[in-house]
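Only heavy atoms go into these numbers, but all of them, side chains included; no hydrogens, no water, no symmetry mates. In this text the structure is predicted, and so the values were computed from the model without any measurement.
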Amino acid sequence: MEMIGAQAVIESLKNEGVEVVFGYPGGAVLTLYDALYKAEFPHVLARHEQGAVHAADGYARATGKVGVCFATSGPGGTNLITGIATAYMDSVPLVAITGQVGVSLIGKDSFQEADICGITTPITKHNYLVKKVQDLPRVLKEAFHIARTGRPGPVVIDISKDVFNATIDYHYPDEVKLRGYRDSATGQPAEVAAVAAELKQAEKPLIFVGGGVNISDTSADLRQLIAMTGVPVITSLMGLGCIPDQAAENLGMVGMHGTYAANMATTECDLLVGIGVRFDDRVTGLVQEFAPKAKIVHFDIDPAEINKNVRVDLKVVGDLKWSLPALSEQLAADSTIGWQERLAPWRQQVYGWKQDKPLIYQKSDTTIMPQQVIEMVSRLTQSDAIIVTDVGQHQMWTAQFYQFRAPRTLLTSGGLGTMGYGLPAAIGAQVGQPDKTVVLITGDGSIMMNCQEFATAANNGFPVKTIVMNNQVLGMVTQWQRMFYGERYSQSKLQGRTDFVKLAEAMGAAGFRITEPAELESVLRQALATEGPVLVDVQLPEVEDVLPMVPAGGRLDQMILGG
Amino acid sequence: MKYTLAVLVENRPGVLTHISGLISRRAFNIESIAAGHSEETDTTRITIDVEVDDEIGLEQVVNQLSKLIDVIKIVNLTHVDPIQRELVLIKVRANPVTRADIVNIVDIFRAKIVDVNRETMVVELTGEQSKIDALCEVLRDYEIIEIARTGKIALSRGPIAAKDMEQG
């Protein structure tokens, strides 16, 4: 069918089953936006390109589908960078389509020209510069395939302005031909068998679950494995929700702000089975002393993750959709394994840690404690909401005190740690899951980094509930300054003159403020019941630390404990 | 340990950017890199010499490079005793007094003189890197004006092509 390049892009999106695009128009994408207009293709107009890309990311995390965003050339593209890097670090499937200046103007430092492929090479799974309209269908087909298969990730397609206007006889290819691309869907059965053999013998096994389980939608397979074996479980930040927080075997999050039980179990276990994790430094602490008594096993779809941070004894490379059922099957086939008797002493030990040193904080009659806010949100939403966070203390308290029950219910920038991620990501999540309650838990620092997106939420009636944990400071920065920099609070006090209620109202959202512990529940209830986008400004004490804490580069069993 | 890798990649724009970008951001220690056409028109062959601590370090390099979409295959040539060659052009100061000495040296190394004028000569040598290093060292006595080296290329012996060998 004959059409112009811009139409070919929209047709390809339809062919890929794309339901919505997040974006922001501009000079180099005018033709693309014209085609979108004519096709009446669903589009959410952000108020900043960074908002568009984070929204596409939130949409992808909440649904498992590929998030798509548009931006114009130059500053449009460069404004996407933080969002693309955020998605790359957390393996989020994303296709970002940017306009580029005309072919004859490329390389001339033309108006609104930036080398987006050059800039995004380190933060994308792959990228393309399209200068010929004939390449468009193939490139789009490949881009979506690459973004969603294997270890998912962002793909950038930078399309020259000329290409949008050029005519093409459009055929969308049925399949991709990529000689160098392996999606590692299945792997070596022998690798699984070796792990099964270790699990049958281990006295103190521990399963360590990460974002890979969320991404591969294998939470049910994991739960089956745990139910069968009774092996205790710890999770990374990105693994929260894969196994219910209430499950007896779940010892909670491990690492810098992990639970006592999770960190001690890691130190004491004799077999650590990492599943879809990447042994990030926030998890391992001092890497040489990480799980010092354990054989380490690593399940991952990406072979490059094996031995990257931690030297492992056994690996299973492949999609968890293949390897987890394969492992369960192998273990189930052997009825002679006495899980109960063999693991009883170990389970008793870890449950002892869990019981003796739970996550705690001091409640007060006069001040609202941040942990209490999270617990209340957890209770009022019956742990059934999609929780989105920004980055800092509130993020860690959310990880610690919200009772996650289901996968894909915590959307947070774990790898890059992007302040300003939350509000646009919450909007994207709401677009993808319109029937779910989406709650953004943010801080008075983070919210200001993309607060313009309240306009997006308000204009479209996206009912995102935003809770600003307002302690007047950059909480995590002040915590480190308090602990490691002699209480010199350099540039971390925000002075707090911003009226967040008015900010929300100015953009067309409803605003509430909570100052007393007594009104916490009632106002939160009211806010959650209010239609449309809502902001709740919760006034919190300036000084409160996230604990436990393993100082950066420290050993996991040497925690600063709270309470 | 030093390893020699044959990296077969798609012959497309941006491939070298992707590869060099990856090498620098993962802080891999590359001693030599040489790219050129291969026996297939759509494939470029890159020979990389990489210095790593051990086999696990090598595995990281191979796995990270393999993740690039444009990389078709990586073959470790280190253990197959490959033929390894590099080409160098050396411009050296050569006056009537020193010229004969330099010609002697060139003969000993079985190198070639490819340009001569009143003040300088250009010497060409193909060989293993150690031989090239040795020639450069000897010619230093005569004031080397400039050197251009291609970086090492390598090929296995026997009938099998890298594209048909086992990955890694």
Side-chain angles (χ1 to χ4, degrees), chain A residues 85 88 91 103 106-107 115-132 135 138-139 142-143 145-147 149-158 160 176-184 278 298 300-313 315 317, chain B residues 1 5-28 35 38-46 48 50 52-76 161-168:
Chain A
Y88 184 66
S91 307
V103 172
I106 293 176
D115 174 11
I116 295 305
C117 280
I119 295 170
T120 59
T121 289
I123 52 166
T124 47
K125 191 168 170 188
H126 197 47
N127 60 24
Y128 296 91
L129 169 61
V130 183
K131 294 199 275 189
K132 286 187 249 149
D135 291 340
R138 172 184 64 82
V139 165
E142 287 180 8
H145 180 73
I146 291 167
T149 58
R151 177 180 185 174
V155 178
V156 166
I157 311 175
D158 195 28
S160 169
V176 287
K177 289 188 205 109
L178 288 164
R179 291 195 288 173
Y181 184 66
R182 286 160 289 270
D183 63 7
S184 303
R278 54 189 184 88
H298 195 177
D300 209 287
I301 196 165
D302 180 0
E305 281 302 323
I306 312 293
N307 289 321
K308 187 183 77 178
N309 295 336
V310 166
R311 294 280 164 112
V312 301
D313 300 283
K315 59 165 181 170
V317 175
Chain B
M1 289 256 308
L5 304 175
V7 184
L8 304 178
V9 303
E10 296 285 354
N11 182 12
R12 276 194 198 145
V15 174
L16 287 179
T17 320
H18 285 159
I19 291 193
S20 56
L22 180 98
I23 287 169
S24 76
R25 77 175 177 273
R26 296 281 177 194
F28 294 148
S38 72
E39 69 278 11
E40 290 177 343
T41 49
D42 52 359
T43 306
T44 295
R45 181 171 175 136
I46 306 175
I48 294 179
V50 59
V52 289
D53 293 338
D54 51 22
E55 293 271 342
I56 288 179
L58 177 72
E59 205 177 277
Q60 262 301 298
V61 175
V62 170
N63 285 335
Q64 291 288 359
L65 281 171
S66 298
K67 266 170 79 169
L68 297 175
I69 310 294
D70 294 323
V71 172
I72 301 160
K73 187 176 231 181
I74 301 174
V75 175
N76 181 0
K163 62 175 180 245
D164 300 320
M165 289 179 170
E166 208 176 309
Q167 159 98 16

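A/R311 and B/D54 get closest at one heavy-atom pair: NH1-OD2, 3.2 Å.
Heavy-atom distances place the side chain of A/D302, and not its backbone, under 4.5 Å from chain B. For B/S24, no part sits under 4.5 Å from any heavy atom of chain A, backbone or side chain.
Summarising the geometry, atom CG belonging to A/L129 is positioned 10.5 Å from atom OG1 belonging to B/T17; distances are rounded to the nearest 0.5 Å. A/N307 contributes atom CG, which lies 12.0 Å from atom CD of B/E55 (distance to the nearest 0.5 angstrom).
With a 4.5 Å cut-off on side-chain heavy atoms, A/I146 and B/I69 count as touching. Between A/H126 and B/H18, some side-chain heavy-atom pair lies under the 4.5 Å cut-off.
A salt bridge is absent between A/K308 and B/E59; no separation between the charged side-chain nitrogens and carboxylate oxygens falls under 4.0 Å. Under a 4.0 Å N-O distance rule, the pair A/R179/B/D70 does not qualify as a salt bridge.
When atom types are taken as modelled, the side chain of B/Q60 and the backbone of A/E305 share no donor-acceptor pair closer than 3.5 angstrom.
Top candidate by heavy-atom pairs under 4.5 Å with chain A, chosen from B/L65, B/L68, B/T43, B/L22, is B/T43. Counting heavy-atom pairs under 4.5 Å between each of B/V71, B/V61, B/I56 and chain A puts B/I56 at the top.
Within 6.0 Å of atom NZ in A/K131, 12 or fewer heavy atoms from other residues, nucleotides or ligands are found, so the atom counts as exposed in its surroundings. Other residues, nucleotides and ligands place no more than 12 heavy atoms under 6.0 Å from the CD atom of B/E166.
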Take B/K67 and A/R151 through the test side chain to side chain contact (heavy atoms under 4.5 Å, CB included) and record every step on the way to the result.
CA-CA 10 Å; B/K67 266 170 79 169; A/R151 177 180 185 174; 3.8 Å; yes
